[in-house]
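Before any comments, here is the structure.
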Amino acid sequence: MSSLANKQILLGVTGGIAAYKSADLVRRLQDAGASVQVVMTPAAQEFITPLTMQALSGYPVHTQLLDPEAEAGMGHIQLARWADLVLIAPATADFMARLSQGMGNDLLTSICLATAAPIALVPAMNQGMWRNAATQTNLDILINRKIHIFGPADGGQACGDIGPGRMLEPLQIIDLTSQLFTTGSLAGKKVVITAGPTREAIDPVRYISNYSSGKMGYALVQAAIEAGAHTVLISGPTQLAKPARAKCIEVTTAEEMYAASLLEAQGCDLFIAAAAVADYRPIELAPQKLKKGDSESITLTLIKNPDIVASIAALERKPFTVGFAAESERLVDYARAKLERKNLDLVIANNIAENHIGFNSDDNAVTVIDKHSTVEISQRSKQQLARELIACFAQKLASQR
Ligand code: C5P
């Protein structure tokens with residue numbers, strides 16, 4: 001799986017002749033596995049039509065900041081949250097100037113101000129404009145702000161000049177974009193992640209389970225792979241595609257997940273329990289389908305499942321152990337109690353009372369809690385959140401050892 005697999009890339013197109021290459025770039029990004037939505041400035045639409053970009057990307061193209069229809073659906077804040085990366089190609093001198101000054105006078109600059117995702121610019125302009133002191137000062141400001149700059153290349157230009165200012169070719173842009181998602185922060189580490197729900201059978205056709213989609217755990221697996229870890233996914237039943245570069249162990253019940261986790265704990269550096277494990281299972285599995293009788297109610301006796309993450313945290317050679325806490329009230333208090341009770345190194349708490357985040361949704365907002373600190377991470381896509389969490393775990397792991 002390419003490191004752009006499942007990435008959501010917001011491609012900003014500004015008004016330069018190199019905009020014609022952006023159409024090819026959309027295709028190349030999709031070939032590498034990314035979903036692409038396009039935002040165009042008014043000047044960009046003089047060079048290439050929104051219809052072309054819509055046909056290629058498969059999404060409506062966004063062009064206006066104050067568009068009542070767009071605001072109702074995908075306004076600039078939603079687009080800013082959707083993006084794993086804001087990639088602007090071509091980026092003109094004018095756009096760089098506006099971005100460096102923090103302006104928000106069109107849709108694309110507003111998205112850049114609002115987003116928590118990384119931003120990469122692919123400059124394209126006349127060599128004199130590139131060399132101009134104003135552009136170079138703006139470039140310094142953008143680099144200081146940790147905005148990535150791809151290129152420009154040196155060579156012949158559309159205006160006949162020769163010099164720096166040519167936009168990089170789409171394949172070069174894809175290469176640099178992929179590198180942004182590859183950190184190496186967990187190189188040489190073994191990371192084990194549990195994900196999804198478990199199912200506890202009642203009889204041959206019925207089970208107890210929960211609404212977990214597995215999305216958060218799978219996003220963590222992808223981020224761990226990109227961080228260079230030898231990654232093991234222990235997954236309950238989900239609808240999600242299995243990541244190609246991880247060892248995947250499919251389980252159904254909590255007891256199976258427990259056994260697989262203990263086995264994989266050997267040599268494990270970081271254990272992340274993102275699964276929504278059923279706390280109880282029916283004490284006995286009915287060998288035949290239970291029949292509807294005359295009585296108005298029936299009673300199922302349940303027995304407690306092993307606590308997987310607590311068992312891992314109790315091992316003599318304990319990996320850095322991270323648990324999740326889905327709470328509907330007193331989030332930090334309950335999560336901190338879980339941290340202590342289960343002897344965890346870190347708890348990721350999320351508020352399931354807010355129904356646009358968490359269980360079965362694409363976004364999440366969490367609080368990261370350890371013995372000494374409580375840090376909130378605001379709402380963003382699970383992919384983006386996963387990368388930030390993995391970077392945080394890697395840092396804590398490095399400082400612990
Ligand atoms: O105790 P509670 O279910 O609220 O704790 C949630 C955390 O514990 C999650 O990280 C979950 O994956 C883990 N857990 C577990 N085994 C269980 C129950 C929960 O690993 N049986």
Side-chain angles (χ1 to χ4, degrees), residues 192-221 232-243 246-265 271-314 322-329 331 334-335 338 341-342 344 347-364 382:
V192 180
I193 300 174
T194 68
T198 64
R199 281 182 190 167
E200 311 301 328
I202 297 169
D203 68 16
V205 293
R206 302 183 181 94
Y207 57 80
I208 298 172
S209 191
N210 59 65
Y211 290 117
S212 169
S213 62
K215 285 178 188 163
M216 191 67 235
Y218 278 56
L220 285 162
V221 167
V232 181
L233 164 66
I234 303 174
S235 176
T238 74
Q239 302 292 321
L240 304 173
K242 297 287 169 294
K247 175 177 176 185
C248 298
I249 302 172
E250 293 183 62
V251 298
T252 304
T253 67
E255 285 184 300
E256 287 168 8
M257 189 175 273
Y258 174 71
S261 297
L262 281 184
L263 212 61
E264 289 298 336
F271 186 91
I272 306 172
V277 185
D279 289 324
Y280 292 90
R281 66 179 184 278
I283 196 161
E284 59 190 26
L285 169 62
Q288 304 299 334
K289 184 180 169 191
L290 294 176
K291 301 307 269 180
K292 184 161 55 182
D294 291 335
S295 96
E296 286 302 312
S297 65
I298 61 164
T299 303
L300 275 178
T301 304
L302 305 178
I303 183 171
K304 215 171 200 169
N305 272 324
D307 191 313
I308 301 167
V309 75
S311 309
I312 298 293
V322 180
F324 276 72
E327 305 291 351
S328 56
E329 55 173 347
L331 187 72
Y334 285 157
K338 204 160 287 181
R341 191 174 66 247
K342 301 194 185 199
L344 305 178
V347 164
I348 312 302
N350 69 307
N351 189 344
I352 49 170
E354 294 177 41
N355 59 11
H356 53 288
I357 55 171
F359 258 49
N360 214 0
S361 80
D362 291 332
D363 282 5
N364 209 350
K382 284 182 174 171

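For the pair Arg281 and Thr253, the minimum side-chain heavy-atom distance is 4.5 Å or more. A heavy-atom distance below 4.5 Å is not found between the side chains of Glu200 and Tyr207. Between Ile208 and Ile202, some side-chain heavy-atom pair lies under the 4.5 Å cut-off. Taking the side chain as every heavy atom from C-beta outward, Asn350 and Ile348 never approach each other to under 4.5 Å. Using a 4.5 Å cut-off on side-chain heavy atoms (C-beta onward), Pro197 and Thr238 make contact. For the pair Tyr334 and Glu329, the minimum side-chain heavy-atom distance is below 4.5 Å. Between Gln288 and Pro204 the shortest side-chain heavy-atom distance does not fall below 4.5 Å.
In this view, Arg206 and Asp203 satisfy the salt bridge (Lys or Arg N to Asp or Glu O under 4.0 Å) rule, not counting sequence neighbours.
In terms of modelled atom types and a separation under 3.5 Å, the side chain of Glu327 and the main chain of Ala349 share no donor-acceptor contact. A donor-acceptor pair under 3.5 Å links the side-chain atoms of Thr194 to the main chain of Ala274, judged by distance alone.
The shortest non-hydrogen separation linking Val277 to Ile308 is CG2-CD1, 4.0 Å. Residues Val309 and Ala273 come closest through the heavy atom pair CG2-CB, 3.5 Å.
Remark: of the listed residues Asp363, Asp362, Asn364, Asp362 is the sole one forming a side-chain hydrogen bond (donor to acceptor under 3.5 Å, both in side chains) with Lys215.
Separation of atoms OH (Tyr258) and CD1 (Ile312) is listed at 8.0 Å; rounding is to 0.5 Å.
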